[in-house]
Amino acid sequence: MALKLVTRAQWGARAYRTPNGATPYSGRRRGIKLHYLGTPYTDRTHARCDDYVRQIQAQHMDGNGWSDIGYSFAVCTHGYVYEGRGLRRRNSANGNTTLNNQDYAILLLVGSSGLTKPTEAQLDGARDAIDYVRREGPAGSWLGGHRDGYATACPGDAVYQWAKAGAPRPVSEEDDMPSKEELYDGVMRYDGKMLSPWGTPDNPTWMAESVIERTAQGVHTLEQAVPKLAGQVGALAAIVAKLAEGGGLTAAEIQAAAEAGARAALDRLGDALTEGN
Ligand SMILES: [Zn+2]
Ligand SMILES: [Zn+2]
């Protein structure tokens with residue numbers, strides 16, 4: 001995936017305070033520490049993510065008295081990577097100046113309650129951000145969480161385990177293979193617009209949902225009918241054996257007659273089902 005970077009200008013960042021907000025990194029960092037919000041968080045539409053990042057910045061600047069948003073970058077659940085202090089300025093999120101100087105700080109917008117597990121898009125975006133910071137920062141290969149070397153639950157177990165596994169890119173479903181949910185949504189979107197070809201005289205406006213329901217009922221009915229039929233076939237086999245013992249006809253002859261009858265019955269069943277639809 002290509003990095004989906006949202007620059008400070010694009011998310012409407014406030015200007016950082018100087019001189020502290022301008023403290024530069026000099027040279028290569030050891031690596032990257034991941035963070036989470038540590039507060040309740042619920043997912044939202046991407047249109048509201050800018051707002052949320054501005055809110056974090058305001059909290060850091062006005063609440064904590066910092067010179068800027070603390071993180072180097074922040075990744076929303078839709079995989080967008082928000083530029084915080086960026087590649088060249090020292091972050092203030094890792095706990096103290098030594099730690100801030102040692103590693104970059106990347107926040108994933110997940111909470112300590114509500115949305116606690118990163119989304120696939122978010123892991124993809126975080127992976128992009130890690131690659132970007134390693135390539136352009138540059139950051140060394142060390143990867144961990146805020147909790148490494150500092151007393152905090154951050155970045156939560158889900159993000160921490162992912163970091164310690166080396167931040168693997170999530171394995172997503174084939175792009176051209178819609179999920180069951182997507183298929184269902186696709187069908188339902190047409191409901192109310194598409195006249196089903198299965199409409200009947202008494203119900204000419206069946207919609208897709210009705211057809212699915214009807215099909216499900218049909219399958220259920222057949223499932224119940226099969227054991228009954230199996231029982232009848234067993235009984236029939238016993239009768240065939242008895243008749244053969246009585247003489248006159250061979251078992252094979254009786255069997256052939258029974259099969260012909262069964263086929264006729266199946267044809268009638270088929271007709272009935274067609275009429276029923
Ligand atoms: Zn943290
Ligand atoms: Zn978003």
Side-chain angles (χ1 to χ4, degrees), residues 6 13 16 20-21 23-25 28-43 49 52-77 79-119 122-134 136-170:
V6 184
Y16 53 82
N20 286 352
T23 306
Y25 279 137
R28 191 178 175 82
R29 303 297 99 214
R30 177 185 70 163
I32 298 163
K33 280 185 174 169
L34 301 186
H35 296 255
Y36 76 159
L37 291 162
T39 55
Y41 185 69
T42 48
D43 204 5
C49 288
Y52 201 85
V53 174
R54 283 195 299 269
Q55 190 184 312
I56 297 169
Q57 187 192 28
Q59 187 191 316
H60 286 182
M61 293 182 78
D62 305 331
N64 302 7
W66 297 349
S67 57
D68 192 4
I69 187 170
Y71 307 104
S72 308
F73 294 92
V75 187
C76 76
T77 54
Y80 287 82
V81 178
Y82 286 79
E83 181 188 24
R85 305 234 182 170
L87 296 169
R88 306 280 169 246
R89 290 188 294 122
R90 190 174 70 199
N91 77 80
S92 66
N94 288 341
N96 61 48
T97 303
T98 306
L99 298 175
N100 295 338
N101 209 37
Q102 182 170 255
D103 300 300
Y104 283 94
I106 297 180
L107 165 74
L108 279 76
L109 289 181
V110 297
S112 48
S113 63
L115 182 92
T116 58
K117 286 189 182 140
T119 66
Q122 193 167 27
L123 293 180
D124 252 327
R127 180 72 237 182
D128 293 336
I130 290 165
D131 291 341
Y132 176 63
V133 171
R134 282 180 178 170
E136 308 286 340
S141 61
W142 192 91
L143 182 63
H146 190 179
R147 66 172 69 167
D148 287 314
Y150 193 81
T152 173
C154 184
D157 290 341
V159 173
Y160 187 70
Q161 281 160 18
W162 182 70
K164 284 299 158 188
R169 202 169 278 285

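We number each residue from 1, following the sequence as shown.
Taking 4.5 Å as the limit, every side-chain heavy atom of Lys33 sits out of range of all side-chain heavy atoms of Leu143. Arg85 has its side chain within reach of Ser92: a pair of non-hydrogen atoms, C-beta onward, lies under 4.5 Å apart. In this structure, the side chains of Asp124 and Arg169 come closer than 4.5 Å at one or more pairs of heavy atoms. Side chains of Val159 and Pro118 form a contact here, defined as non-hydrogen atoms less than 4.5 Å apart. Taking 4.5 Å as the limit, every side-chain heavy atom of Val133 sits out of range of all side-chain heavy atoms of Ser72.
Geometric assessment of Arg89 against the ring of Tyr16 yields a positive cation-pi assignment under the 6.0 Å and 45° thresholds.
Taking the six-membered ring for Trp and thresholds of 30 and 60 degrees, Tyr132 and Phe73 have ring planes more than 60 degrees apart, a perpendicular arrangement. Between Tyr41 and Tyr52, the angle of the ring planes goes over 60°, which puts this pair in the perpendicular group of the 30/60° scheme.
When all heavy atoms of Ala139 and Gly31 are compared, the closest pair comes out as CB-O, 4.0 Å. The two residues Ala93 and Ala105 have their closest heavy-atom pair at CB-CB, 3.9 Å. Across every non-hydrogen atom of Pro155 and Gly145, the tightest pair is CD-CA, 3.9 Å. Closest non-hydrogen pair, Ala167 versus Ile130, comes out as CB-CD1, 3.7 Å. Closest of all the heavy-atom pairs between Ala153 and Tyr36 is CB-OH, 3.8 Å. Taking every heavy atom of both residues into account, Leu115 and Leu109 meet most closely at CD2-O, 3.8 Å.
Going from atom CD1 of Ile56 over to atom CG of Leu37 covers 5.0 Å, rounded to the nearest 0.5 Å. Interatomic distance, CG of Leu99 versus CG of Asn91, reported as 9.5 Å (0.5 Å rounding). Atoms CG and CD1, on Asp131 and Ile32 in that order, are 8.5 Å from each other to the nearest 0.5 Å. Expressed to the nearest 0.5 Å, how far OH of Tyr80 lies from SG of Cys49 amounts to 9.5 Å. Taking CG of Leu108 as the reference point, atom NZ of Lys117 lies at 15.0 Å (rounded to 0.5 Å).
Remark: side-chain polar atoms of Gln57 are not paired, donor with acceptor, to backbone N or O of Arg54 under 3.5 angstrom. The backbone N or O of His35 sits nowhere less than 3.5 Å from a side-chain atom of His146 that would complete a donor-acceptor pair. Thr23 places a side-chain N or O within donor-acceptor distance of the main-chain N or O of Asn20, the cut-off being under 3.5 Å. At distances below 3.5 Å, at least one donor-acceptor pair connects side-chain atoms of Arg134 with backbone N or O atoms of Ser141. A donor-acceptor contact shorter than 3.5 Å links the side chain of Gln122 to the backbone of Val75.
Screening residues 98-107 for side-chain hydrogen bond (donor to acceptor under 3.5 Å, both in side chains) gives Arg30-Asp103 as the qualifying pairs, with residues at least two apart or on separate chains. Residue pairs meeting the side-chain hydrogen bond (donor to acceptor under 3.5 Å, both in side chains) criterion with at least one member in residues 147-166, sequence neighbours excluded, are Arg147-Asp157, Asp148-Tyr160.
Classification of Asp68 and Arg90 as a salt-bridged pair fails, no side-chain N sitting under 4.0 Å from a carboxylate O.
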* To do: Step by step, work out the side-chain contact (heavy atoms from CB on, under 4.5 Å) result for Met61 and Trp66.
  => CA-CA 5 Å; Met61 293 182 78; Trp66 297 349; 5.5 Å; no
